[in-house]
Amino acid sequence: MQFRLLGRVEIEANGELVSLPRRRTRCLLAILLLEVNRIVPVDRLARLLWEDNPPPGARSDIQGHISRLRGLLATGRTG
């Protein structure tokens, strides 16, 4: 599996690009890749994803994005 952060944020698995259609999911992936092997608190993720102005439901929104991202990474499928 390869991750690309310069230009478009992309994942390549088994020679195919894995689609990341949601902007915040792409941003979340980029943040996590830049913070590899470090714990990133949800509050910090929220501040980064919403430019220091996270909405009240940011925590559950982040959990949803992480769930989708985990699913895509686990299966390596497109779509």
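Legend: salt bridge (charged side-chain N to carboxylate O under 4.0 Å, His left out) pairs involving residues 48-64, not counting sequence neighbours, sorted by first then second residue: Asp43-Arg59.
Partners of Arg44 under the side chain to side chain donor-acceptor pair (under 3.5 Å) rule, at least two apart in sequence or in another chain, are Glu35. Residues satisfying the salt bridge (charged side-chain N to carboxylate O under 4.0 Å, His left out) test with Glu10, not counting sequence neighbours, are Arg4, Arg8. For Arg70, there are no salt bridge (charged side-chain N to carboxylate O under 4.0 Å, His left out) partners at least two apart in sequence or on another chain.
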>> Run Leu73 and Phe3 through side-chain contact (heavy atoms from CB on, under 4.5 Å) and show every step you take.
In response: CA-CA 11 Å; Leu73 294 175; Phe3 300 96; 3.8 Å; yes
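Side-chain contact between Ile11 and Met1: present, with at least one pair of heavy atoms (C-beta onward) separated by less than 4.5 Å.
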Would you tabulate the side-chain donor-acceptor contacts of residues 20-32 under 3.5 Å, counting partners in other chains and residues two or more places apart, or write 'none'?
| residue | atom | partner | partner atom | Å |
| --- | --- | --- | --- | --- |
| Arg24 | NE | Leu49 | O | 3.4 |
| Thr25 | OG1 | His65 | ND1 | 2.7 |
| Arg26 | NH1 | Leu20 | O | 2.7 |
| Arg26 | NH1 | Pro21 | O | 3.2 |

